[in-house]
Number of protein chains: 2
Amino acid sequence: MTAPKYKRLTPEDRAAELVQAGLRVLAKGGITAFTIDNICKASGASRGLVGHHFGGKDGLLAACYAAAYAPLLQVIAKDGTAPPLPDLLDELLSDRQFRRESLNIWLALWAEIGVNEGLRAEHLRQYDRYHAAISASIAAFAGERQVAAEMLASSLIALLDGLWVEMCIAPSRMSLPRARQAVEALLVPHLGRV
Amino acid sequence: MTAPKYKRLTPEDRAAELVQAGLRVLAKGGITAFTIDNICKASGASRGLVGHHFGGKDGLLAACYAAAYAPLLQVIAKDGTAPPLPDLLDELLSDRQFRRESLNIWLALWAEIGVNEGLRAEHLRQYDRYHAAISASIAAFAGERQVAAEMLASSLIALLDGLWVEMCIAPSRMSLPRARQAVEALLVPHLGRV
DNA sequence: TTTGTTGTTGAACGAACATACAACAGTGCT
DNA sequence: AGCACTGTTGTATGTTCGTTCAACAACAAA
């Protein structure tokens with residue numbers, strides 16, 4: 001009876017574990033810490049696996065980006081249709097989404113998107129779905145009142161992004177309640193109490 | 001008559017040139033491109049100078065951060081006092097400040113601040129001055145009307161940050177006029193036409 | 001011109017990096 | 001038990017990184 005030297009996983013499971021390890025590394029040390037060594041150490045796997053399953057570091061980064069977007073898209077399209085605006089806001093401003101660890105990941109990925117052409121194309125696809133869902137939720141909530149839903153959605157997304165940034169770089173000056181205040185300062189005058 | 005092999009600068013001038021080169025590198029390639037080699041190549045200087053003038057790469061990064069904040073602080077404190085809100089907004093939303101190259105620098109620096117404790121402390125000092133000036137401008141513009149100037153300032157800063165992010169990662173979905181629309185959507189209901 | 005100060009150079013160094021790949025071993029099948 | 005398949009390992013390789021430092025040279029003063 002000899003103990004196995006390693007656990008053999010399906011490609012899907014191994015890929016998922018590497019992606020999760022990559023996100024942990026990104027959250028803790030940013031893009032400069034995103035190295036094969038760090039990722040494999042965080043995952044408990046050996047160096048060769050990233051190349052084997054993702055073709056290289058860039059492949060894993062792209063997969064991490066998609067994985068980071070997943071919870072966001074899950075919220076806005078739980079069953080394919082845009083959720084009611086209050087529910088949407090409650091989720092986006094919940095401690096499930098508004099957490100510093102998650103936000104560091106976004107900061108690291110954004111900086112890379114600004115510089116990496118390939119990643120930006122992938123981002124635009126995800127962003128458009130995100131924008132469309134929020135826009136639909138706003139329009140539905142406004143009902144017959146005339147509001148510029150598209151523009152309000154853009155503003156809301158930007159405001160949320162900015163609040164996430166503040167939460168990362170100045171956590172002592174930002175908090176969940178403060179973030180909610182800011183969102184309400186933008187939306188209430190146009191939509192009434194949400 | 002022999003051509004000089006290099007130009008000898010004062011420490012201040014040399015430091016300034018290295019900082020400018022660092023900002024160019026940051027704008028073009030993000031934090032991963034911020035290497036001694038790239039910076040010295042961009043500056044036309046030799047490898048040893050960064051260590052000599054800044055003690056190392058981190059020293060130069062801190063100096064670049066301060067240099068990136070300078071134009072912003074110059075705007076809000078032209079003569080020591082907070083400028084009128086409309087002027088402030090015109091400047092912040094001008095193509096002097098709202099340029100993709102500048103914004104890539106911020107994205108790269110933010111990601112680093114989220115992870116680098118020392119840089120974050122320096123950031124907080126600058127941020128507080130920034131917030132105070134904007135808050136004062138809002139309060140002055142509101143006059144006798146009762147507005148939550150502090151909170152509005154936080155929201156405005158976050159919104160601007162977010163608009164900058166969008167400009168970097170989805171330039172095809174964001175523009176200067178759109179950004180102005182978003183800012184007005186936040187401020188006009190509380191302050192009237194600006 | 002000569003000399004002293006000091007900003008500058010570029011090679012040298014070890015550490016960390018991404019990638020490739022041949023050997024290995026777990027797993028299911030027969 | 002034996003076999004084939006394939007996921008996994010870890011070393012090897014060449015590159016790039018940050019830092020150091022002795023030699024060098026521009027410039028000002030004498």
Side-chain angles (χ1 to χ4, degrees), chain A residues 1-22 24-26 28-65 108 111-112 115-116 118-119, chain B residues 1-22 24-26 28-65 108 111-112 115-116 118-119:
Chain A
M1 178 158 198
T2 74
K5 286 197 173 177
Y6 58 87
K7 184 123 172 39
R8 195 188 180 116
L9 303 181
T10 65
E12 295 74 32
D13 287 347
R14 179 64 69 184
E17 290 218 348
L18 288 173
V19 165
Q20 289 307 314
R24 281 198 300 274
V25 168
L26 235 29
K28 190 169 185 191
I31 193 70
T32 56
F34 192 77
T35 67
I36 302 274
D37 275 331
N38 281 341
I39 294 157
C40 290
K41 196 180 303 178
S43 174
S46 74
R47 248 193 294 286
L49 282 182
V50 172
H52 186 259
H53 288 284
F54 294 94
K57 205 177 77 159
D58 283 350
L60 178 58
L61 185 60
C64 285
Y65 175 76
E112 197 61 19
V115 149
N116 180 327
L119 215 53
Chain B
M1 181 162 200
T2 74
K5 285 195 173 179
Y6 58 87
K7 183 118 173 43
R8 192 187 181 116
L9 302 182
T10 65
E12 294 75 30
D13 287 347
R14 179 64 68 183
E17 289 218 349
L18 287 173
V19 165
Q20 288 308 312
R24 281 198 301 275
V25 167
L26 234 29
K28 191 170 185 192
I31 193 71
T32 55
F34 192 79
T35 67
I36 302 275
D37 275 332
N38 282 340
I39 294 158
C40 290
K41 197 180 302 176
S43 174
S46 75
R47 249 193 293 283
L49 282 183
V50 172
H52 186 260
H53 287 285
F54 294 94
K57 205 177 79 157
D58 283 350
L60 177 58
L61 184 61
C64 284
Y65 175 76
E112 197 61 20
V115 150
N116 180 327
L119 215 52

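By convention in this document, chain letters (A, B, ...) are assigned in the order of the sequence lines, proteins followed by strands, and residues within each chain are numbered from 1.
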Nucleotides 2-8 of chain D: protein proximity per nucleotide (B base, S sugar-phosphate only, - neither; heavy atom, under 4.0 Å):
----BBB
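Under the 4.5 Å side-chain criterion, counting only non-hydrogen atoms from C-beta, B:F34 is in contact with B:L60. The shortest side-chain heavy-atom distance between A:I31 and A:L61 falls under the 4.5 Å cut-off.
Side chain of B:K28 to main chain of B:A33: no donor-acceptor pair is present (N/O by atom type, distance under 3.5 Å, no hydrogens or angles). With hydrogens and angles disregarded, a donor-acceptor distance shorter than 3.5 Å links the side chain of A:R24 to the backbone of A:A42. Proximity of a side-chain donor or acceptor of A:R14 to a complementary backbone N or O of A:H53 within less than 3.5 Å is not detected.
Annotation: the span from A:H52 atom NE2 to A:S46 atom OG amounts to 10.5 Å, rounded to 0.5 Å.
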Expected rows: protein N/O vs nucleotides 18-22 of chain C N/O, under 3.5 Å:
| residue | atom | partner | partner atom | Å |
| --- | --- | --- | --- | --- |
| C:dA18 | OP1 | A:K57 | NZ | 3.1 |
| C:dA18 | OP2 | A:I36 | N | 3.0 |
| C:dT19 | OP2 | A:K57 | N | 3.1 |

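Distance NZ (B:K41) to P (C:dT9): 15 Å, rounded to an integer number of Å. Atom CD1 of B:I39 and atom P of D:dG18 are 7 Å apart (whole Å). In this structure, A:D13 atom CG and C:dG26 atom P are separated by 18 Å, rounded to whole Å. Rounded to whole Å, atom P of D:dT19 lies 11 Å from atom CG of B:L60.
A:V19 and A:A63 get closest at one heavy-atom pair: CG2-CB, 3.8 Å. Nearest heavy atom pair, residue A:A45 against residue A:L49, reads CB-CD1, 3.5 Å.
Residue-to-nucleotide proximity on DNA chain D shows that, of B:T32 and B:K5, the 5′-proximal contact is made by B:T32.
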